[in-house]
Amino acid sequence: MSVRVRFAPSPTGALHIGGVRTALYNYLFAKKNGGTFILRIEDTDQNRYVPGAEDYIIESLKWVGLIPDEGVGFGGDYGPYRQSDRKHLYGKFAQELVDRGHAYYAFDTPEALENARQSTENFTYNFQTRTGLQNSLVLPPDEVRRRLDAGEPYIIRLKVEPGQEIPVRDLIRGDVLFQSSELDDKVLLKTDGMPTYHLANIVDDHLMEITHVIRGEEWLPSTAHHVLLYRGFGWTDTMPQFAHLPLILKPVGNGKLSKRDGAKFGMPVFPLPWAAENPEDSFTGFRDTGFLPEATINFLALLGWHPGGDQEIFTMEELIQAFSVEHISKSGARFDYEKAKWFNQRYIQTSDNAVLAEHIRPLAESRGFRADLPFLTEVVALMKERVTFLPDFVDQGYYLFGPVKIYDEEMIRKKWNPAFQTTLEALAGIILQAQSFEAPSLEEQVKQFIAAEGLKPGEILPLLRLALAGTMKGPAVFDMAVVLGREETARRLRESPGYFNRIMPVIAG
RNA sequence: GGCCCGUUCGUCUAGGGGUUAGGACGCAGGAUUUUCAUUCCUGUAACACGGGUUCGAUUCCCGUACGGGCUACCA
C-alpha cells in the first residue's frame with residue numbers, strides 16, 4: 001500500500017511557521033517513500049473561520065516549494081478536500097457510531113455544562129458524570145425520540161467505556177499507554193451539524209486512505225480518542241500510523257512559539273506577511289523579510305530533525321533522501337533566529353548571481369531604482385558576500401543605484417584635509433582617461449599616482465571610498481567604481497570635497 | 001489539580017554501557033582583506049539531580065526537579 005500523508009491546517013489566520021514545518025515533514029516523508037502529499041483544509045469551526053487564510057496557506061506552501069499532490073486547489077480523486085464541503089458525510093458516520101452503541105445523543109445546554117463545571121471541580125463529561133446529565137444513555141428512548149423529532153438541539157458524543165487500555169504506537173515516541181477511564185466523552189458532532197476535529201479527522205483520514213499521520217505533539221493526548229474511534233468504526237486494520245512532532249518553542253522564556261513573539265523579538269514567525277484591519281494582528285513573514293525559500297526550508301528542516309553527520313546545508317532533494325521519522329527529536333526546539341539568518345546568508349552567498357538579481361528586481365523597482373537584470377547582477381556580485389537579507393542588496397548598497405545620501409562624518413573628520421581636494425580632482429581625471437576601465441588596472445593606476453604624489457594609500461583610499469559610497473563599509477572601491485561607471489565615479493570624486501568641506505566645520509564645532 | 005510527552009555546550013544537535021562527548025549557530029581572539037564582509041585558524045561552553053543495575057554509566061531502570069502539551073459544541 002502506497003504512502004499517503006496529509007497536512008491539515010485550519011484556516012483560522014496566518015499559517016504559523018511551525019505549521020510550515022509540519023507540512024515539510026509530511027512532504028519529505030511522502031516524497032521519500034514515493035507517496036502522496038495531501039492538503040486538507042479543516043474548517044469545521046465556523047466561528048473561527050478567517051477569510052483569506054486558506055489562500056494564505058496555499059500561497060505559503062507554494063512559496064517554500066511544498067506542492068501538494070492532492071488537495072484544495074490541487075485536484076485529486078479523494079475530494080472534496082475542504083471539510084466544510086464534506087459536511088454531509090459526517091452526520092452519517094456519527095449516526096453509525098450511535099447505532100453501534102459507541103456514541104450517544106446529548107441535550108445538555110451550554111449553560112448546564114457551565115454549571116456542572118462551576119459546581120464540580122475538574123468536571124469532565126465521562127462515564128461517571130454522564131448518568132446525571134441529559135443524554136440518550138439516561139433518558140428513556142421515547143423521550144429521546146420526542147426531543148429529536150421536536151428539533152431540539154443536540155450533539156453526539158463518543159461513549160468511552162471505562163476500564164480499557166488504549167495503546168498508541170508513535171513512530172517518534174514509541175508506545176504510549178492511555179487508560180480509557182481517564183478519557184472524556186468527546187463531542188463528535190456539534191449542534192450546527194458540523195463535526196469536531198476528532199470525528200472529521202478520523203472519517204477523512206479513513207476515506208482518503210491516509211497511511212501516516214504526522215502532526216504536532218499537541219495531538220498526542222487526543223490520539224487515544226482517535227484510536228477509540230477507529231475501533232468503534234471497525235477500521236483498526238487500516239488505522240494510520242502516528243508520529244507526533246515536537247513543538248517549536250519561544251527563543252527565550254517559557255512556552256511554545258506564538259504569533260506575538262514575532263513582534264516581541266523582531267523576527268518573522270510566519271512564512272508570508274499577513275495584513276489585518278488591526279495593525280496589532282498584522283505580521284511580517286520570512287518572504288518579505290528577505291529570506292530565500294530554500295534557506296527557510298533548510299532552517300525549518302533542522303529544527304527538530306537531524307539525519308546524523310555534520311551536514312548542515314541541504315537541498316530539498318537531499319532532505320528527501322536523508323529524511324526519516326526515526327531521526328525526529330522528541331523534545332521541543334527553541335526557535336533560533338540567529339541560525340535562520342546564518343542559513344539565509346549562506347544561501348545568498350552560494351546562489352547564482354542572475355537568480356539573486358531576479359529576486360531583488362522587485363525590490364529595486366519599489367524604490368524607484370534602476371532594475372535591469374545585467375546591472376542588478378553586477379550589484380549582486382559585489383554585495384552577496386556581505387548581506388543577510390535580500391533587501392540588504394538595495395538598502396545597504398543604495399549608493400550603487402543613486403547618489404550618496406549619508407556620509408560617515410566621523411571618518412571624514414579623521415581622514416579629510418582640504419588639501420586633498422586637488423588630489424581627488426586629479427583622480428577623477430585619471431578615471432576619465434583610463435584606457436581600460438577595469439578594477440585591477442584602475443587600482444594599479446591610482447596607486448601609482450598616489451605614490452608619485454608622495455602620499456600613502458591609507459590617506460587617500462579611504463577618501464575614495466567615502467566619496468563613492470559615503471560609508472567605510474562595502475565592496476572593494478575599484479569594483480564599485482566599475483559598477484558606477486566612469487562618469488559617475490569621476491563626478492563623485494569631484495563633488496565630494498565640497499560635501500567634506502561643508503561637513504568639517506560642523507563636526508569641528 | 002489530573003493525564004501524557006520530554007531533558008547533551010547559551011541555541012540547534014550528533015553520539016551512545018568503557019569516547020579527549022563530535023559538528024553548527026552565537027560569542028571571543030588571531031590570520032587574510034589598507035573598508036566592511038567573506039574565507040581560514042584558535043578558543044569558549046554540555047550529558048538536570050538522586051538512587052539503582054553493572055567491573056564500568058552521559059547512555060539502561062526507578063524517583064525527583066524542571067520544561068512542554070492536553071484537559072472546549074477550537075483545531
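Chain letters run A, B, ... following the sequence lines, proteins first and then strands; every chain starts at 1.
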RNA chain B contacts among [range], heavy-atom distance under 4.0 Å:
| range | result |
| --- | --- |
| residues 250-262 of chain A | A:N254, A:G255, A:K256 |
| residues 468-477 of chain A | A:M472, A:K473, A:G474, A:P475, A:A476 |
| residues 392-401 of chain A | none |
| residues 160-172 of chain A | none |

Separation between the [atom1] atoms of [N] and [M], rounded to whole Å:
| N | M | atom1 | value |
| --- | --- | --- | --- |
| B:rG15 | B:rC3 | P | 33 Å |
| B:rA45 | B:rU20 | C1' | 15 Å |
| B:rA57 | B:rA48 | C1' | 16 Å |
| B:rC9 | B:rC25 | C1' | 12 Å |
| B:rC61 | B:rG22 | C1' | 28 Å |
| B:rC27 | B:rU38 | P | 10 Å |

Measure the distance from [atom1] on [X] to [atom2] on [N] and round it to the nearest whole Å.
| X | N | atom1 | atom2 | result |
| --- | --- | --- | --- | --- |
| A:F478 | B:rU33 | CZ | P | 15 Å |
| A:W305 | B:rU13 | CH2 | P | 12 Å |
| A:R334 | B:rG26 | CZ | P | 19 Å |
| A:D479 | B:rC36 | CG | P | 16 Å |
| A:I328 | B:rC12 | CD1 | P | 16 Å |

Using the 3.5 Å cut-off, write out each protein N or O paired with an N or O of nucleotides 73-75 of chain B and the distance between them.
{"residue": "B:rC73", "atom": "O2", "partner": "A:T191", "partner atom": "N", "Å": "2.9"}
{"residue": "B:rC73", "atom": "O2", "partner": "A:T191", "partner atom": "OG1", "Å": "2.5"}
{"residue": "B:rC73", "atom": "N3", "partner": "A:T191", "partner atom": "OG1", "Å": "3.1"}
{"residue": "B:rC73", "atom": "N4", "partner": "A:D108", "partner atom": "O", "Å": "3.2"}
{"residue": "B:rC74", "atom": "OP2", "partner": "A:K190", "partner atom": "NZ", "Å": "3.0"}
{"residue": "B:rC74", "atom": "O2'", "partner": "A:D45", "partner atom": "OD2", "Å": "3.1"}
{"residue": "B:rC74", "atom": "O2'", "partner": "A:R48", "partner atom": "NE", "Å": "3.2"}
{"residue": "B:rC74", "atom": "O2'", "partner": "A:R48", "partner atom": "NH2", "Å": "3.3"}
{"residue": "B:rC74", "atom": "O2", "partner": "A:R48", "partner atom": "NH2", "Å": "3.2"}
{"residue": "B:rA75", "atom": "OP1", "partner": "A:T44", "partner atom": "OG1", "Å": "2.8"}
{"residue": "B:rA75", "atom": "OP1", "partner": "A:K190", "partner atom": "NZ", "Å": "2.8"}
{"residue": "B:rA75", "atom": "OP2", "partner": "A:Y197", "partner atom": "N", "Å": "3.2"}
{"residue": "B:rA75", "atom": "O3'", "partner": "A:S10", "partner atom": "OG", "Å": "2.9"}
{"residue": "B:rA75", "atom": "O3'", "partner": "A:E42", "partner atom": "OE1", "Å": "3.3"}
{"residue": "B:rA75", "atom": "O2'", "partner": "A:S10", "partner atom": "OG", "Å": "2.8"}

Polar pairs (N or O, both sides) under 3.5 Å between protein and nucleotides 20-25 of chain B?
{"residue": "B:rA24", "atom": "O4'", "partner": "A:E312", "partner atom": "OE2", "Å": "2.8"}
{"residue": "B:rA24", "atom": "O2'", "partner": "A:E312", "partner atom": "OE2", "Å": "3.2"}
{"residue": "B:rA24", "atom": "O2'", "partner": "A:K339", "partner atom": "NZ", "Å": "3.2"}
{"residue": "B:rA24", "atom": "N3", "partner": "A:K339", "partner atom": "NZ", "Å": "3.0"}
{"residue": "B:rC25", "atom": "OP1", "partner": "A:W342", "partner atom": "NE1", "Å": "3.4"}

So, are [X] and [Y] salt-bridged, with charged N and O less than 4.0 Å apart?
| X | Y | value |
| --- | --- | --- |
| A:K256 | A:E218 | no |
| A:R413 | A:E410 | yes |
| A:E488 | A:R492 | yes |
| A:R82 | A:E54 | yes |

Between the side chains of [X] and [Y], is a donor N or O closer than 3.5 angstrom to an acceptor N or O?
| X | Y | result |
| --- | --- | --- |
| A:D45 | A:Y197 | no |
| A:H225 | A:D184 | yes |
| A:D108 | A:Y125 | yes |
| A:S329 | A:H306 | no |
| A:H244 | A:R173 | no |
| A:H327 | A:S324 | yes |
| A:T44 | A:R86 | no |

Between side-chain atoms of residues 377-385 of chain A and protein atoms elsewhere (two or more places apart, or another chain), which donor-acceptor pairs fall under 3.5 Å?
{"residue": "A:T377", "atom": "OG1", "partner": "A:L373", "partner atom": "O", "Å": "2.6"}
{"residue": "A:K384", "atom": "NZ", "partner": "A:Q349", "partner atom": "O", "Å": "3.3"}
{"residue": "A:K384", "atom": "NZ", "partner": "A:S351", "partner atom": "O", "Å": "2.7"}
{"residue": "A:K384", "atom": "NZ", "partner": "A:N353", "partner atom": "OD1", "Å": "2.8"}

| Hey, are the side chains of A:D261 and A:S258 touching, using non-hydrogen atoms and a 4.5 Å cut-off? | yes
| query | Got A:R215 and A:N201 here, is their nearest side-chain heavy-atom distance under 4.5 Å? | reply | yes
Aromatic ring proximity [X]/[Y], centre distance under 6.0 Å:
| X | Y | value |
| --- | --- | --- |
| A:F420 | A:F500 | no |
| A:F299 | A:F291 | no |
| A:F265 | A:Y337 | no |

| task | Determine the contact category for A:L461: base if any of its heavy atoms lies under 4.0 Å from a base atom, sugar-phosphate if only primed atoms, P, OP1 or OP2 are that close, otherwise nothing. | result | base
Distances under 3.5 Å between protein N/O atoms and the N/O atoms of nucleotides 2-5 of chain B, please, pair by pair.
{"residue": "B:rC5", "atom": "O2'", "partner": "A:R173", "partner atom": "NH1", "Å": "2.4"}
{"residue": "B:rC5", "atom": "O2'", "partner": "A:E217", "partner atom": "OE2", "Å": "3.2"}

| field | A:F270: partners by ring-ring contact (aromatic ring centres under 6.0 Å, His included), with sequence neighbours left out | value | A:F283
| field | Set of ring-ring contact (aromatic ring centres under 6.0 Å, His included) partners for A:Y105, sequence neighbours left out | value | A:Y154
| 5'-most by nearest nucleotide on RNA chain B - A:Q345 or A:G332 | A:G332
| request: Could you tell me the separation between the CG atom of A:D205 and the CG atom of A:L229, rounded to the nearest 0.5 Å? | output: 11.0 Å
| note | Output for pair (A:T388 OG1, A:I348 CD1), nearest 0.5 Å, gives 7.0 Å
Mind listing the N/O atom pairs, protein and nucleotides 44-48 of chain B, below 3.5 Å?
none

Can you tell me the base-pairing partner of [N]? Count Watson-Crick or G-U wobble geometry only, both distances below 3.5 Å, and say none if there is no partner.
| N | answer |
| --- | --- |
| B:rC9 | none |
| B:rG63 | B:rC49 |
| B:rA57 | none |
| B:rU35 | none |

| task | Confirm from the modelled atom types if A:R465 and B:rU35 form a donor-acceptor pair under 3.5 Å, side chain to base only. | result | yes
| query | Has A:R147 got its NZ or CZ under 6.0 Å from the middle of the six-membered ring of A:F107, at an angle within 45 degrees of the ring axis? | reply | yes
| query | In chain order, what residues pass the salt bridge (charged side-chain N to carboxylate O under 4.0 Å, His left out) check against A:D479, with sequence neighbours excluded? | reply | none
